[in-house]
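Below is one structure, written out as structure tokens; comments come after it.
Start at 1 and go down the list; that is how both ligands and their atoms are numbered.
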Amino acid sequence: MEKLSLQYSTKNIPIPTNSEYTKKLIDKVEDFIKRLRWRVFFFLKPATTDHTKETYGFKSPKSPPFIPQLKGFEEDMLRLIEDLKFCKINSRTQNKLNTDLKKIQNETNILVPADKTNNYYSVPIQQYKKLMQDNVTTTYKRSDEQMERANNLKAKEITDELDLSDRIQALAPKPAYVTLKDHKENFRNHPTCRLINPTKSDIGIISKKILDRINKNILQATLVNQWKNSTAVIDWFKNIQPRRSTTFITFDVVNFYPTINKRLLHKAIEFAKKHTTITPLETEIIFHAKSTLLFHNDTPWQKTNADDLFDVTMGSYDGAETCELVGTYILNEIRDIIPKENIGLYRDDGLAFINKPAREAETIKKQLCEKFRQLGLQITADANVKTVNFLDVTFDLNKREYRPYSKPGNKHLYVHTGSNHPSVITNRIPQSIQTRLSNISSNEDVFSDAKDDYEKALQEAGHINTTLTYSPSNNNNNRRQQQRKRKITWFNPPYSQHVKANIGKKFLALIDKNFPKENELHKICNRNTLKISYSCMSNMETIIKAHNNKILNNDTGRTPETCNCRRKEDCPLPERCTAKNVVYEAKVHTQSEEKIYIGLTATSFKTRYTSHKASFTHRAKSNQTELSKYIWKLKDDGSPYTLTWRIKKQAQPYSPQSKRCNLCLWEKYFIITADKNTSLNSRTELISTCRHKMKYFLSEYG
Ligand SMILES: [Zn+2]
Ligand SMILES: [Zn+2]
């Protein structure tokens, strides 16, 4: 197990390859055009609007209709992709990232991240598999396909009731992984891990919305301190009028998420019902969102200590909100021990103050532990303390001050100015750190004592000569001002330094050009309603994750391929005709010209080829593809031709894990980058819905 210490933030983004960038841009342009088409569609035919249904943000899988009024604009948008030009970036940061990237690509081991630091450990695959097996089997037992099926059928039932089963997918199994607790003693000889289950139900997105509403209502009704950030804790601390006897009690709920069980959540919901309405369906949704399996070695696993799949996981969409609901219930339950004004919770961390002598404080601490035990939870607590570290702040009752706190050994790392981020993002970092530090410092002296480490970290991240000055902002809680809601359709092209053109500027110019004042769509298509916000390419962390998946699944993107033709001399693709998941090219030669057609298939090439061949011999099928149309034209003209086939790329079709279809994207990539004079493909194919996605929706499950 070798330590790989990256001395920079893994949020840094390297320069992608040209094709990677282009594919992502195609994806984003397509996504934007689809949303724009829907918007224009409902604008032109307001009577057909179907906005009454609550969709919880799940997009319609239906393809929007072609809208003639958008044709010119769409063509201009596609030209944006065709005209892409790239340059070489030669910066120290990018060269370093590039060197590390090559190292990662050549690595045959798994790169396991540390739990709390920026370290990675290179672990041989066999050792990693053993670590995984040990960690999974301590808290999970083998489940089965029946369990998984029943779970999906239940999800289908719920989404059918919401009329959303054609938008929400079945549970997508994602293999569990571990991170290493490298701060623990004896780590080298006995590595301990944190097991992470990335599989999460999409129903959690709905549950999150429901819980948000419930939590808001019960917080308003109970007025307990359910803190959302350290600023809220500071406001609470400022109101304490400490006496000589005032001390803190701090506590921490041990394994809060995993120990929340069905009974506790039930109690919390019953409690919430006293303050807000919760329908039976909503309750069902909240519980179903907790119904999760863990996937390891291609098999489903479930918690050892339960008969059902109830499990509140760290990564689930509604984990934090579930915690908050349970937390509010707990705070309400312990108000007899400590008045609600004097105590608060942030997820699994609690803090209270009391004005009692030391012995009584100990008694209160014990009562607290006992109360949590009755609720099925365990806490570790400290009483009679004058100074505590809570979140990223140290609270000091003696000095009546608060100051920034960071865990010992924790190194601040910020995104480097040379990272492949839009500069507005990197430029904002020093300012936001200054505001943050100022707000968690009770005065300028405290701020000045703390700032050196942060300044140094900023300088290491390329923000040279940055000095931080104390500047607390007032009412930072209500920064979000009421704004008139205008409906905006966002275009999110990926950002990359090595793209020569300014995509944002070009985009705005296209809006002005295509939708001038007199245009009938100007009202909904102008610079105020169509806006640009850059997205980012993969950062180092994502790239390392992808590397690990590739090694673990032995996934080279290739399926076994041979030739099964009876007469080898007739094989269209010698030795490769059975290849699956391919983008292929058909080249037609005539005496006067050469034409190229790009196609894709998720089945074997041979099957697709057979159907192409049929379309060349049966006139009834002549309109099947642009290729068959062309071949029939040649036939009718009596022009002789030769046809050759070639595989351009093998790529994975849509998977609910990756949520993207590389096969469709590669096809579009080859079509759009092809020479227009020889290409047979029609441009309208570029805005089309991926047909490999449909089968994963719950509506198709059964
Ligand atoms: Zn063959
Ligand atoms: Zn597809």
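Sorted by first and then second residue, the pairs that involve residues 675-702 and meet ring-ring contact (aromatic ring centres under 6.0 Å, His included), not counting sequence neighbours, are Tyr654-Tyr696. Residues in residues 146-178 take part in no ring-ring contact (aromatic ring centres under 6.0 Å, His included) pair, two or more places apart or across chains.
Within the protein, the N, O or S atoms sitting under 2.8 Å from the Zn ion (ligand 2) are Cys661 SG, Cys664 SG, Cys690 SG, His692 ND1.
Atoms CG and NZ, on Leu294 and Lys174 in that order, are 13.5 Å from each other to the nearest 0.5 Å.
Under 3.5 Å, the side chains of Tyr140 and Asp311 contain a donor-acceptor pair of N or O atoms. Inspection of the Ser622 and Arg619 side chains reveals no N or O donor paired with an N or O acceptor under 3.5 Å.
Aromatic ring pairs are classed by plane angle as parallel below 30°, tilted from 30° to 60° and perpendicular above 60°; the pair Phe507 and Phe32 is perpendicular.
Tally of protein N, O or S atoms closer to the Zn ion (ligand 1) than 2.8 Å: 4.
Around atom NZ of Lys659, more than 12 heavy atoms belonging to other residues, nucleotides or ligands sit under 6.0 Å away.
Tested against Tyr584 for a side-chain hydrogen bond (donor to acceptor under 3.5 Å, both in side chains), the candidates Arg646, Arg576, Lys649, His612 yield a single pass: His612.
With hydrogens and angles ignored, the 3.5 Å screen pairs a side-chain donor or acceptor of Arg149 with a backbone N or O of Gly702.
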